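Since the structure is predicted, the reported quantities are computational estimates derived from the model, not experimental observations. A note on names: the letters A, B, ... follow the listed sequences, proteins ahead of strands, and every chain is numbered from 1.
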Amino acid sequence: MMGERRAAARAVGATKVYGSGAAEVRAIDDVSVEFASGRFTAIMGPSGAGKSTLMHCVAGLDTLSSGQVFIGEIELGTLSDRRLTVLRRERVGFVFQSFNLLPSLSAAENVALPMTLAGTRPDPDWIEHVIDTVGLGDRRGHRPAELSGGQQQRVAVARALAARPDIVFADEPTGNLDSRTGAQILAFLRTAVSELDQTIVMVTHDPVAAGYADTAIFLADGGLSDRVEAPTARTVLDHMSALDAGADLPGRAR
Amino acid sequence: MTRIVLKGLWARKRRLAGSLAAVFLGVSFLAGALVLGDTLNSSIGRFFGQAYAGTDASVRGSTNVGDSPMGERGTIDAGIADRVRRVPGVAVAEPVIDGAGQLLGRDGAAIAVLGPRTAGNWLTDARLNPYHLVEGRAPRADDEVVVNRAVANQGRLRLGDRTAVLTPRRVPVRVVGIAKFGDQDGFGGSSFTAFTVDGARRYVTASPNRISSVSVRAASGVSQAALVGRLRQVVPAGTEVITGTALGEEGMTAVTKGFLQMFRAFLLVFAGVALLVGTFSIYNTFTITVAQRSRESALLRAVGASRRQVLTSVMAEAGAIGLVASVAGVAGGLGFATALEAVFSAGGASLPVGGLVLTVTTVAVAVVVGVLVTLLACLLPAVRASRTPPVAALRETAAERPGASRGRALAGGTLTAGGVILAVVSAAAGNAMVLAGLGAVACLIGMVVLGPVAARPAGMLLGAPLRRVTGVLARRNTTRNPRRVAGAATALMIGIGVVTLFTVLAASSRASIQDTVSRSFGGDLAISTGSSVGGGFEPRLAEDVARLPQIEAAAGMGTGGVRIAGTAVRVRYADPAALTQVLDLGSAARLRPGQLAVTRATAHSHGWRTGTPLPVVFADGTRRTLTVGGTFEAGGPAGDYLLPRTEWTAHDPQPQDTTVLIKLRPGVSTAEGGSAVTRAAAPYAAPAVQSRRDYIDAQASGVNGLLTLVYVMLALAIVIALLGIANTLSLSVHERTRELGLLRAVGATRGQIRSIIRWESLMVALFGTAGGVGLGLLPGWALARAATGGTVAVPVTQLVVIVAIGALAGVLAALRPAHRAGRLEILRAAAAQ
């Protein structure tokens, strides 16, 4: 199944070490993973498992200690800061858990921000379409402070999709939202993948959120530990319990 | 609580640097001004003590026509010296002659020292003589002179050189000795040429039996008071006797009351501006840091700290900063005083500065003022911090209230409008400096209050031309928090405001002087000694020039001091018939002997009219009644009072002209006439011949000195304001770490981030500069109208330069904050707190 689709991004032997000596922490350790194009992948794992670090490194927000990451066929480690910035602008979209929007810009301006920064004229029809898709047509002139948390996150999703990036990274996008609003956001992400053929990688610890993905991969102690295709909240929970049980086994370092 | 304060301070040391610098600079200025004042005071005291150390008493004319005891006095009878010498208890009594004498240098031109150019006699008693020979010998023949070291150096004169002194008659002399005054090369910036007593009588008092005073040394065992008591018995009416100590004190008072007082006042004004600008910088920094720490304050409140404790902790922090910065400021003040002294020495005005004098008072004043200013600036932010509700600890983000209240708009608007109205009314009323000053203060306070209200529209206006995304984002950030923008800009606004005000005032008074001079002066050329004291030409120069075939008319004019109706004033004297041909004298054109002319303004303020008799006392003690013979316009070359030359000459042993005004015959070109006049002036030490334009410009040149000082002030204010803006920006960058990180994550380059910060800084700086120019312009206009009686000049070029400098300051202020913002890690945004 993996082989049928081109990888939108992949990591090869990705390792990230913080500190040194006794204080050394291996946030991710020799992780190799591919994120298939046009699919919705959830990265799962307990706190401290290295899921955010993996995502940051694959997205080019952070650099690896060793190993390689690719967006498409471009190896990020070889890029200058400037090229990396341009790559992020043109080929990557982000949705963060919180503080996703610039407070001084209206909703529509926030959506168009990556294109504005690139100095390209955003296609107004497309922006319109994206804003309508996330259901904020009547709110496009509002400032973030005038929007609810869920609405703000929908603007963030719209921004991530608006530039038609190769891949969207979402870091706990529903972490700050109640379950109903969270469900709306996840539904939008799902729609984007199914109908617009968008590639999305989402970090979450919420089994329900993972249930919207095509694939869930599990991280534990900086390493890839498991993989579930077409997950549901139920199956994800089962896998997590299994991992927890394994983690508690004596002799396994945490 | 103290430990919490200290720990908090240490944790935020970087952010505090800005506040520290602002207090430090202000206090440095204050301390420097005080130190320099004290130092000069003490060294001037020592200077005069030295000068009169050997003098126990002095006999001199009792009529003084200057406004200090050191002022001009007339001569006394030379026989008094002999009479004094016979008094028991007198060891030595020597006649003293002092007058004007312009020494010529090796090149034959007048040596232009900064101070008065004096000539007199060389006292043979070494203890009576404040000067002492360092080279050569005392004069023996009438044409031999001793000159002081400084003037010898400046005129490249050496022992044995032949030159001349203008007294104002040209006296050929030979330099036989070079002297120092105490340990200095001269007395202040003055020049001194000493003849023998006979030589001085012949050339300086121009009479064999007139001298200026008698210096007396007592026999051992006779006190100064006892000596003076005995001398008073023998001196004739019209003379007075004072002790040597009193003489030294008079000299000191003259310097401290005159030059030193002005000097101090000026430096203190500088310090005041620095502290005022600094206060706003500190206020703004604290407002931001307190807002950023509101969660911390709320947490303290939540765990049981009282409001008072929170307030105290912020104020304690302010106090600690104030103290540290003030103590450092005192040290900075010593450096500042040293630097200023070096500047003055380089400028040729050698100040008799020994070691710097740092008094306990200076330290106390500087530290107390520094701490108080800091506490005052922090009071409002501290009160705000104490009002943080405990629940704020639980909120996601907390920053200061961004909006500007309606009450603020109303209060600021009312104050500003009131100030404007006051200024306009005062301008209409004319001569109402107090009203105009009040208006200026009201405008200042009003505009400071209005700042936050104006910041948003101003930001939109200033940012309107910005089309690039970085500029647009900067504009949005600037309009987002008008209170903060206004805070950062206020410091700059005040500095620029003060400078603009002075620039307008200076330009207006220059224009006013030039206007009056060019209106009244009908001639084409002029010869002038400028503002020097003691330099002048023989009145014959004007006569020689008038006889030239190219010249239609030439009038010489001299100056001196008299008392009119009890007040010491400077008067000009000239031949009215000649003067009226080159100068518009209004109704005073036909001035006759027994009359004097005054300006219309003087006549108006004293209630004098044509025909009013006025008692006039001359330096030689003569009392005359002169009637007002006419009035003329103020501000012209004729000064405030004009006497016919015939009324003057009899009372002055050294009548000399300081100005010759010249009118060419029709058809004679300025160049042609100029070279003829230059040839005619050659025997009079070749004074420079000025064109009409040069002469008019030179009349207003005093204003240029003021302007220079204003620009020094501008530089100072800008440095402090720049620190304030830089600090605000750094704090704002710190606060927006996540926002900037997000921008980077969605594709902003480092350059774009830097550009945003730069634009923000530029907008803040331009807002402050524009506000400052506005603030200075209107009161400046009103004050200028009040001061000059109508003429207002707005120096557009200077104002454009000021705005450009303000903008440049904005760009400079952004350098570091922008750099740091560009280096921020992207992940800070992703890592949600």
Engineer: Closer than 3.5 angstrom, by distance alone: can the side chain of B/Gln752 be matched with the main-chain N or O of A/Leu117 as a donor-acceptor pair?
Structural biologist: yes
Engineer: Could I get the full list of ring pair (Phe, Tyr, Trp, His ring centres under 6.0 Å) partners for A/Phe40, not counting sequence neighbours?
Structural biologist: none
Engineer: Which answer fits B/Arg475, side chain, backbone, both or neither, if we ask what part of it has an atom under 4.5 Å from a heavy atom of chain A?
Structural biologist: neither
Engineer: Taking only heavy atoms into account, what residues of residues 67-76 of chain A are found under 4.5 Å from chain B?
Structural biologist: none
Engineer: Answer yes or no: is there a side-chain heavy-atom contact under 4.5 Å between B/Val746 and A/Arg88?
Structural biologist: no
Engineer: What pairs with A/Met115 under side chain to side chain contact (heavy atoms under 4.5 Å, CB included), at least two apart in sequence or on another chain?
Structural biologist: A/Thr120, A/Pro122, A/Ile127, A/Ala162, A/Ala163
Engineer: If you measure from OG1 on A/Thr85 to CZ on B/Arg750, what distance do you get to the nearest 0.5 Å?
Structural biologist: 7.0 Å
Engineer: Where along residues 150-158 of chain A does a heavy atom come under 4.5 Å of chain B, listed by residue number?
Structural biologist: none
Engineer: What distance do B/Leu742 atom CG and A/Arg159 atom CZ have between them, rounded to the nearest 0.5 Å?
Structural biologist: 5.0 Å
Engineer: How about NE2 on A/His205, more than 12 heavy atoms from neighbouring residues, nucleotides or ligands closer than 6.0 Å, or not?
Structural biologist: no
Engineer: Are the side chain of A/Arg89 and the backbone of B/Ala745 linked by a donor-acceptor contact shorter than 3.5 Å?
Structural biologist: no
Engineer: Going by an N to O cut-off under 4.0 Å, is there a salt bridge joining A/Asp81 and B/Arg823?
Structural biologist: no
Engineer: Side chain, backbone, both or neither: which part of A/Glu109 has an atom under 4.5 Å from a heavy atom of chain B?
Structural biologist: side chain
Engineer: Measuring from atom CG of A/Leu105 to atom CG of B/Leu743, what distance do you get when rounded to the nearest 0.5 angstrom?
Structural biologist: 8.0 Å
